[in-house]
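What follows is a short report on a single structure.
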Amino acid sequence: MISPLAYVDPSAKIGSNVTVHPFAYIDKNVEIGDNNVIMPYASIMSGARIGNGNTIYQGAVIAAVPQDFAFTGEETIARIGNDNVIRENAVIIRATHAGHETKVGDGNFIMTGARLSHDVEVGNRCIIGNGSQVSGNCRIYDCAILTSNVLMQGNTRLGSYSIVQGGCRFIKDIPPFIVAAHEPIAFYSINTKVLEHAGFSETLIKHIAQAYRILYKANTSQRDALLRIKEQIPNGPEIEQIIEFVQTSQLGIIHL
């Protein structure tokens, strides 16, 4: 149902069983899939590509114009997957350059007042907490959590199943499976409770913990620590993920 009090551009493509509440705004060059709910005063701007089963709450803005001096008016995309919850006054900004996209995967919970800037990529089943700010060109991997009022500086990465505690800011990458906390931000612990809840075995959690003991507490170079991890810990996808994340970091990882 589309309320007659909503504005929907005639060129917008809207799927079946979509509810658009009064005073919502849907711009031209918008595609919305099936079974979505657009609450009052939400704004779906040009360049939005929204999948199925999403709920977009009051005051949220999807595909806002980039806050980037390099932006010169190109038609770019903000692509939202399926089954996401985007709460009040959250803002998702579209990409800066033609052919690029801001991407949000499936099953994410983006809380009140959060902002995802241009060219950000968010995986699946992530939580972006109240008021958290994700700067341009950041990447958040699957099942990661930013708690409230986190500042994620541009071009940084947050590894899968990691959590950043409230009020933190970071300018380096945070590897997977850990808790990051304090000011300045630092490695705090393994994200044990979340890993247990996600079905990680006790043995696997011990292997992950051992890998981070070597990486952060072996008093050796990062290169040597990664070699020790390869030699001393049984190989598996999660251990390979840690090694690959650290090796490919352009900005370096947070410290102990």
Side-chain angles (χ1 to χ4, degrees), residues 1-68 75-96 100-136 138-140 142-150 152:
M1 180 198 74
I2 299 177
S3 169
L5 297 178
Y7 175 81
V8 180
D9 188 276
S11 69
K13 298 178 181 178
I14 300 179
S16 62
N17 194 34
V18 173
T19 299
V20 180
H21 284 271
F23 312 116
Y25 177 89
I26 299 177
D27 206 351
K28 63 181 184 302
N29 187 26
V30 166
E31 298 178 11
I32 299 174
D34 302 334
N35 304 311
N36 292 285
V37 178
I38 314 297
M39 294 288 193
Y41 302 104
S43 297
I44 315 300
M45 308 303 293
S46 178
R49 303 289 184 268
I50 298 173
N52 304 318
N54 301 283
T55 303
I56 301 172
Y57 278 76
Q58 290 89 334
V61 181
I62 309 299
V65 172
Q67 299 178 72
D68 185 348
E75 289 191 0
T76 59
I77 299 299
R79 188 175 301 278
I80 313 298
N82 305 316
D83 303 315
N84 296 287
V85 175
I86 301 172
R87 291 302 301 257
E88 296 83 355
N89 301 315
V91 177
I92 300 174
I93 297 173
R94 61 188 172 98
T96 295
H100 293 190
E101 299 184 356
T102 299
K103 298 179 181 178
V104 176
D106 301 334
N108 298 289
F109 190 13
I110 300 173
M111 294 187 181
T112 300
R115 177 177 66 90
L116 304 179
S117 195
H118 64 87
D119 299 281
V120 163
E121 184 174 347
V122 178
N124 304 311
R125 303 181 305 282
C126 298
I127 298 173
I128 312 298
N130 296 317
S132 287
Q133 307 289 302
V134 181
S135 299
C138 290
R139 183 173 180 186
I140 299 175
D142 292 350
C143 304
I145 300 172
L146 296 178
T147 55
S148 296
N149 299 311
V150 174
M152 186 173 181

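Although no hydrogens or angles enter the test, the distance criterion places a donor-acceptor pair under 3.5 Å between the side chain of Gln133 and the main chain of Gly131. Using a distance-only test at 3.5 Å, with no hydrogens or angles considered, a donor-acceptor pair links the side chain of Asp34 to the main chain of Ser16. At distances below 3.5 Å, not a single donor-acceptor pair connects side-chain atoms of Asp142 with backbone N or O atoms of Gly123. Judged purely by atom type and a 3.5 angstrom limit, Ser132 uses its side chain to pair as donor or acceptor with the backbone of Thr147. Side-chain N or O atoms of Thr102 include none that pairs as donor or acceptor with a backbone N or O of Ala78 at under 3.5 Å. With Asn108 contributing its side chain and Ile110 its backbone, the two residues share no donor-acceptor pair below 3.5 Å. Under the 3.5 Å distance criterion, the side-chain polar atoms of Asn52 are left unmatched by any main-chain donor or acceptor of Gly33.
Applying the side chain to side chain donor-acceptor pair (under 3.5 Å) criterion to Tyr25, with sequence neighbours excluded, gives Asp27. Partners of Asn149 under the side chain to side chain donor-acceptor pair (under 3.5 Å) rule, at least two apart in sequence or in another chain, do not exist in this structure. For Phe109, there are no ring-ring contact (aromatic ring centres under 6.0 Å, His included) partners two or more places apart in sequence or in a different chain. A search for side chain to side chain donor-acceptor pair (under 3.5 Å) contacts involving Asn54 returns Asn36, Asn84, not counting sequence neighbours.
In this structure, a donor-acceptor pair under 3.5 Å is present between the side chains of Asn17 and Asn35.
Closest of all the heavy-atom pairs between Leu5 and Pro22 is CB-CB, 3.8 Å. Heavy atoms only, all atoms of each residue included: Ser117 and Gly136 are closest at CB-N, 3.6 Å. Considering every non-hydrogen atom in both Ala63 and Ala48, the closest pair reads CB-N, 3.7 Å.
For the atom pair NZ of Lys28 and CE of Met45, the computed distance is 8.0 Å after rounding to the nearest 0.5 Å. Atoms CZ and NZ, from Arg139 and Lys103 in turn, are 9.0 Å apart once rounded to the nearest 0.5 Å. In this structure, Ser135 OG and Leu116 CG are separated by 10.5 Å, a value rounded to the nearest 0.5 Å. Distance check: Met39 CE to Gln58 CD gives 5.5 Å after rounding to the nearest 0.5 Å. Interatomic distance, Ile62 CD1 to Ile44 CD1, rounded to the nearest 0.5 Å: 5.0 Å. Taking CG of Asp119 as the start and CG of Asp68 as the end, the distance is 7.5 Å to the nearest 0.5 Å.
Using a 4.5 Å cut-off on side-chain heavy atoms (C-beta onward), Ile140 and Ile128 make contact. Side-chain contact between Ile56 and Ile50 is present, with heavy atoms from C-beta onward closer than 4.5 Å. The closest side-chain heavy-atom distance from Val37 to His21 is below 4.5 Å. Contact of the Ile127 side chain with the Ile145 side chain is registered, since non-hydrogen atoms from C-beta on lie closer than 4.5 Å.
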Requested in this report: Please lay out, stage by stage, how Val20 and Ile38 fare under the test side chain to side chain contact (heavy atoms under 4.5 Å, CB included).
Outcome: CA-CA 5 Å; Val20 180; Ile38 314 297; 4.2 Å; yes
Report task. Could you walk me through whether Ile2 and Ile26 pass side chain to side chain contact (heavy atoms under 4.5 Å, CB included), step by step? Result -> CA-CA 11 Å; Ile2 299 177; Ile26 299 177; over 6 Å; no
Query - Pair Asn29-Arg49, side chain to side chain contact (heavy atoms under 4.5 Å, CB included): steps then yes or no - result: CA-CA 9 Å; Asn29 187 26; Arg49 303 289 184 268; 2.7 Å; yes
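Residue pairs satisfying the ring pair (Phe, Tyr, Trp, His ring centres under 6.0 Å) criterion with at least one member in residues 43-66, sequence neighbours excluded, are absent.
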Kindly list each side-chain donor-acceptor pair under 3.5 angstrom involving residues 85-94, sequence neighbours excluded, with atom names and distances?
unit_1, atom_1, unit_2, atom_2, d
Glu88, OE1, Thr112, OG1, 3.3
Arg94, NH1, Glu74, O, 2.9
Arg94, NH1, Thr76, OG1, 2.9

